[in-house]
Trainee: 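The structure under discussion is supplied below as structure tokens; questions concerning it will follow.
Everything quoted here is computed from the prediction, not taken from an experiment.
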There are 2 protein chains.
Amino acid sequence: MGLTKSHQFSLYQNDIASIAKAIGHPARVAIIEILLTKKNCICNDIVDILPLAQATISQHLKELKTAGIIQGTIEGKTLCYCINNEKIKLLSEFLQSVKNHQISCDC
Amino acid sequence: MGLTKSHQFSLYQNDIASIAKAIGHPARVAIIEILLTKKNCICNDIVDILPLAQATISQHLKELKTAGIIQGTIEGKTLCYCINNEKIKLLSEFLQSVKNHQISCDC
DNA sequence: ACATCATATCGTAATATTGCAATCTGTAAA
DNA sequence: TTTACAGATTGCAATATTACGATATGATGT
């Protein structure tokens, strides 16, 4: 036990969940916010900004990358990260449909 | 170690993260979808629909409730769950701002 | 009162996540 | 080539999550 039964759920449900899960940590929300303040790409000041060790941030970046939320390209000595809107859109549309399907509720 | 450094991040960042985290499991995405198919409230068929034990589903419902995504009211013998749009909106608006801030990127 | 049904809670095992120091890798400057 | 820097990876400890059987709780019907 303790193993998530992913195979029991649809591809879509797993996809939505993995995007949301990637956003589900304050450090990763912070990273996304930092990526937005920089014009487009950021070449890693993140370590200086956030109160976490370099190894930890590298790990969080990897998770965001694995979930497809950010992309990184090597640019000489440094890495250049930016947000991939595809996944953001997918989750956004899911939330939109939740809002739309919502009917008056007495709860 | 192993303890998330929540206090190092803003209330907003923690809030967004906890909403996303709650959605970050396929079973919980499935539960949300089920709640949408029922007109407004659902009086627990979830256990019959999902391939998980009753205890597990109860736990997932609790997490969604703790995150503020769903609300439950007792209705005689059964419980009546429905979605609370406030939190959905908050995360939705965050994603919207991510999309809006996005500027052309060469990555 | 008793049985029944719907859910919650407890206890526990398996697995995943978080965080960091230390170390490795690859690029660029000296 | 040596040095220095930016990141990634590894190894490990602490903690959290997932899942479920068993049991508790609480309301309804008999």
Trainee: Which residues pass the side chain to side chain contact (heavy atoms under 4.5 Å, CB included) test with A:Lys62, not counting sequence neighbours?
Mentor: A:Thr66

Trainee: Which pair of non-hydrogen atoms, one from B:Tyr81 and one from B:Leu61, has the smallest distance, and what is that distance?
Mentor: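 Residues B:Tyr81 and B:Leu61, closest heavy atoms: CE1-CD1, 3.6 Å.
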
Trainee: Do any of residues 13-28 of chain B sit with a heavy atom less than 4.0 Å from DNA chain D, and if so which?
Mentor: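 Correct list: B:Lys21, B:His25, B:Arg28.
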
Trainee: Can you see which heavy atom on B:Gly68 is nearest to which on B:Lys87, and at what distance?
Mentor: O-CG, 3.3 Å

Trainee: About how many Å separate CD1 of A:Ile31 and CG of A:Leu36, when rounded to the nearest 0.5 Å?
Mentor: 12.0 Å

Trainee: Using whole Å, what does the distance between atom P of nucleotide C:dT7 and atom CG of B:Leu61 come to?
Mentor: 9 Å

Trainee: Can you tell me the distance, in whole Å, between the CD atom of A:Glu63 and the C1' atom of D:dA16?
Mentor: 14 Å

Trainee: To the nearest Å, give me how far apart CD1 (A:Ile46) and P (D:dG7) are.
Mentor: 9 Å

Trainee: Working to the nearest 0.5 Å, report the span between CG of A:Asp48 and CG of A:Leu50.
Mentor: 9.5 Å

Trainee: Assign A:Gln54 to base, sugar-phosphate, or nothing according to its heavy-atom contacts below 4.0 angstrom with the strands shown.
Mentor: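 A:Gln54: base contact, heavy atoms under 4.0 Å.
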
Trainee: Base, sugar-phosphate or nothing for A:Gln59? Non-hydrogen atoms, less than 4.0 Å.
Mentor: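 Result for A:Gln59 = base.
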
Trainee: Would you be so kind as to tabulate the donor-acceptor pairs closer than 3.5 Å made by side chains of residues 13-30 of chain B, with sequence neighbours excluded?
Mentor:
| unit_1 | atom_1 | unit_2 | atom_2 | d |
| --- | --- | --- | --- | --- |
| B:Gln13 | OE1 | B:Ser10 | N | 2.9 |
| B:Gln13 | OE1 | B:Ser10 | OG | 3.3 |
| B:Gln13 | NE2 | A:Glu33 | OE1 | 2.6 |
| B:Asn14 | ND2 | B:Ser6 | O | 2.9 |
| B:Asn14 | ND2 | B:Phe9 | O | 3.3 |
| B:Asn14 | ND2 | B:Ser10 | O | 3.1 |
| B:Ser18 | OG | B:Asp15 | O | 3.1 |
| B:His25 | ND1 | B:Ala27 | N | 3.0 |
| B:Arg28 | NE | B:Ala22 | O | 2.5 |
| B:Arg28 | NH1 | B:His60 | ND1 | 3.0 |
| B:Arg28 | NH1 | B:Glu63 | OE2 | 3.3 |
| B:Arg28 | NH2 | B:Lys21 | O | 3.4 |

Trainee: Provide, to the nearest angstrom, the distance between the CD1 atom belonging to A:Ile57 and the P atom belonging to D:dA8.
Mentor: 11 Å

Trainee: Look at all strands and tell whether A:Ala53 reaches a base, only sugar-phosphate, or nothing, counting heavy atoms closer than 4.0 Å.
Mentor: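 If one applies the 4.0 Å heavy-atom cut-off, A:Ala53 turns out to touch the sugar-phosphate alone, with no base involved.
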
Trainee: When the distance from CD of B:Gln8 to C1' of C:dT18 is rounded to whole Å, what number comes out?
Mentor: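 Between C1' of C:dT18 and CD of B:Gln8: 13 Å.
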
Trainee: Could you check how far OH of A:Tyr81 sits from C1' of D:dA6, rounded to whole Å?
Mentor: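 The answer, rounded to whole Å, is 11 Å.
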
Trainee: As an exercise, state the distance from CD1 of B:Ile83 to CG of B:Leu64, rounded to the nearest 0.5 Å.
Mentor: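 The distance works out to 8.5 Å.
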
Trainee: Provide, to the nearest angstrom, the distance between the NZ atom belonging to A:Lys65 and the C1' atom belonging to D:dT9.
Mentor: 12 Å

Trainee: Just N and O in the side chain of A:Ser58: are any of them under 4.0 Å from OP1 or OP2 of D:dA8?
Mentor: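 Yes, within the criterion.
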
Trainee: How many whole angstroms separate atom CG of B:Leu64 from atom C1' of D:dT17?
Mentor: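 Taking atom C1' of D:dT17 as the reference, CG of B:Leu64 is at 14 Å.
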
Trainee: Look at the side-chain N and O atoms of A:Thr56 and state whether any lies under 4.0 Å from the OP1 or OP2 oxygen of C:dC20.
Mentor: yes

